[in-house]
Protein chains: 2
Amino acid sequence: MNFSTSEENYMKAIFHLQQENSTVTTNRLAALLNARPASITDMMKKLKTKKIVHYRPYRGFRLTTEGNKIALGIIRRHRLWEYFLSEKLKFTWDEVHDIAEDLEHVSSKKLIDKLDAFLGYPRFDPHGDPIPDHQGKIEKNRQLALSEVPLNKTVIVCHVSDQSSPMLELMKHNNIHMGTRLEVKKKFSFDQSLEIKIRQQAPFTVSNQVAKKISVKYGT
Amino acid sequence: MNFSTSEENYMKAIFHLQQENSTVTTNRLAALLNARPASITDMMKKLKTKKIVHYRPYRGFRLTTEGNKIALGIIRRHRLWEYFLSEKLKFTWDEVHDIAEDLEHVSSKKLIDKLDAFLGYPRFDPHGDPIPDHQGKIEKNRQLALSEVPLNKTVIVCHVSDQSSPMLELMKHNNIHMGTRLEVKKKFSFDQSLEIKIRQQAPFTVSNQVAKKISVKYGT
DNA sequence: AAATAAGTTTAGACAAACCTAAATTAATTA
DNA sequence: TAATTAATTTAGGTTTGTCTAAACTTATTT
Ligand SMILES: [Mn+2]
Ligand SMILES: [Mn+2]
Ligand SMILES: [Mn+2]
Ligand SMILES: [Mn+2]
């Protein structure tokens, strides 16, 4: 079967919400997609007849096995394009998402498999998220929030979930950017603030608020 | 202003029809877009209010200066993606068009300019058609039909406008493919058939019917 | 100058994907 | 258990892009 851009965006959004909570509600999805709840209900009815979601009125919904497979295909496309944009076209990591949001809907299977080969079968996108392979197999996400990192382990910054300018200002001031290697030296239990050390720099402190927004992975 | 996929497809189609005949008619456009004449009229009214076409009912239409500029942008995107697909992803020349038909509607200017740079500012797409530059400037098309080629000039096959299997069979039999270098040795006035010579092969004859379908350019 | 034919437009429908406002259901609290 | 509240669905619209069938224009013939 073939799906519209809209249907694909819904499937992908449901997939992401399911990671947190296996059954998804109308309002959560409406918020994520910037749509009204009534629109969600309309689409859920449609996706139910297409056997993409399990859905019982007032009871929430989740992807069927088939729906899950399709969602993984869309995520594969999204992340491969993000990798392409960042690696080949030299976009910065914060610019790639919006463009990939459109490119992901060009759904030629052959295109994506050839793109994958051209890129050398990358396993993670520029935000550190795993890229499903051509069968839809996906590795466990190796990221965790900076606030969860154990003491004295070197980690690499790979995603920042807030791109407001106040946040960017703070990051710039502390010299944190994508790929920065750092260690957590101390956790203050009073406010969960962290003392951070970047190689060859004086240590500094970040609030728990900030640390929750920064994702890192264990370095190679 | 921002344009829908549909509006973009109409603009591009009008642009191409204008090359042959400066004012375009409803039925011609309907045929090219595989749509009903009534749909064309609807869209022309819309594009007129957006100042993309000049249009007087029953009198045909043509792109405004603005419409022309936009159409060139879409053609630029289309041909750059075709080049990318063929050159980087190793698609064959006959596979690239349909995929580019979708990719061309991803309209980030920055994406296309970076893609252009990545590809090394190519000037012709895999079919030999010129690629407009970032200002919309486009070179003259250097292609001509094989049937129009003067005697004893080496030319390179760069486009075949009929991809039916009978045509492909004939081309395969005569060893003609994209990039083949050949010379026209003789023109028979009786039926306009041509005697063709490919380097290190015995000469053979093709009908005018075939020669009209094959485009070539002067070699480098 | 009529009549005819060809090309084009209009009128009216429809599906997709949204929306607002009102009604309904489920969950929570008194 | 009966209200109250929060979440969700339904009813009814709108916009975009398409279509068919009927009406209309323009061009071409008698
Ligand atoms: Mn998307
Ligand atoms: Mn990503
Ligand atoms: Mn297109
Ligand atoms: Mn082309």
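Since this is a predicted model, take the numbers as computed values, not measurements. Below, read A as the first sequence line, B as the second, and so on, with proteins coming before strands; counting in each chain starts at 1.
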What residues form a side chain to side chain contact (heavy atoms under 4.5 Å, CB included) with B/Glu139, not counting sequence neighbours?
B/Arg123, B/Phe124, B/Pro130, B/Arg142
Tell me every residue that passes salt bridge (Lys or Arg N to Asp or Glu O under 4.0 Å) with A/Lys110, counting only those two or more places apart in sequence or in another chain.
B/Glu95
In whole angstroms, how far is the C1' atom of C/dA16 from the CG atom of A/Asn9?
15 Å
Output side-chain donor-acceptor pairs under 3.5 Å for residues 155-162 of chain B, partner residues at least two apart or in another chain, one line each.
unit_1: B/Ser161; atom_1: OG; unit_2: B/Lys213; atom_2: O; d: 3.3
unit_1: B/Asp162; atom_1: OD1; unit_2: B/Ser164; atom_2: N; d: 2.8
unit_1: B/Asp162; atom_1: OD1; unit_2: B/Ser164; atom_2: OG; d: 2.7

Using atom CZ of B/Arg28 as one end and atom C1' of C/dT8 as the other, report the distance to the nearest whole Å.
16 Å
Figure out the CG/C1' separation between A/Asn21 and D/dA7, and round it to whole Å.
15 Å
How would you summarise protein contacts on nucleotides 18-27 of chain D per nucleotide, using B for base, S for sugar-phosphate only and - for none, with heavy-atom distances below 4.0 Å?
BBB---BSSS
How would you label the contact of A/Phe61 with the nucleic acid (heavy atoms, under 4.0 Å): base, sugar-phosphate, or nothing?
nothing
Quick test: give all pairs of protein nitrogen or oxygen and nucleotides 1-4 of chain D nitrogen or oxygen below 3.5 Å, distance rounded to 0.1 Å.
none

Rounding to an integer number of Å, can you tell me how far A/Ile40 CD1 sits from D/dT10 P?
14 Å
Rounded to whole Å, CG of B/Asn27 lies from P of C/dA6 at a distance of 12 Å
Residues forming a salt bridge (Lys or Arg N to Asp or Glu O under 4.0 Å) with B/Arg28, sequence neighbours excluded:
B/Glu20
So B/His78 and B/Asp129, side chain to side chain contact (heavy atoms under 4.5 Å, CB included) or not? Walk me through it.
CA-CA 11 Å; B/His78 184 98; B/Asp129 295 312; over 6 Å; no
With a 4.0 Å cutoff (strictly under), does any side-chain N or O of B/Thr26 reach OP1 or OP2 of C/dT9?
yes
Qualifying side-chain hydrogen bond (donor to acceptor under 3.5 Å, both in side chains) pairs, either residue in residues 48-74 of chain B, two or more places apart
B/Glu7-B/Lys50
A/Thr180 and A/Met171: CA distance, side-chain angles, deciding distance, side chain to side chain contact (heavy atoms under 4.5 Å, CB included) verdict:
CA-CA 11 Å; A/Thr180 299; A/Met171 291 191 42; over 6 Å; no
How would you list, by chain and number, every residue that makes a ring-ring contact (aromatic ring centres under 6.0 Å, His included) with A/His105, sequence neighbours excluded?
none
To the nearest angstrom, how far is B/Leu29 atom CG from C/dG7 atom P?
15 Å
Here the distance between atom P of D/dT9 and atom CZ of A/Arg56, to the nearest Å, is 12 Å
Less than 4.0 angstrom between a side-chain N/O of B/Lys45 and OP1 or OP2 of C/dT9, yes or no?
no
Please tabulate, for the side chains in residues 111-120 of chain B, all donor-acceptor contacts under 3.5 angstrom to protein atoms that are two or more places apart in sequence or on a different chain.
unit_1: B/Asp113; atom_1: OD1; unit_2: B/Arg76; atom_2: NH2; d: 2.8
unit_1: B/Asp113; atom_1: OD2; unit_2: B/Lys109; atom_2: NZ; d: 3.2
unit_1: B/Lys114; atom_1: NZ; unit_2: A/Leu89; atom_2: O; d: 3.4
unit_1: B/Lys114; atom_1: NZ; unit_2: A/Lys90; atom_2: O; d: 3.2
unit_1: B/Asp116; atom_1: OD2; unit_2: B/Arg76; atom_2: NH1; d: 3.0
unit_1: B/Asp116; atom_1: OD2; unit_2: B/Arg76; atom_2: NH2; d: 3.1

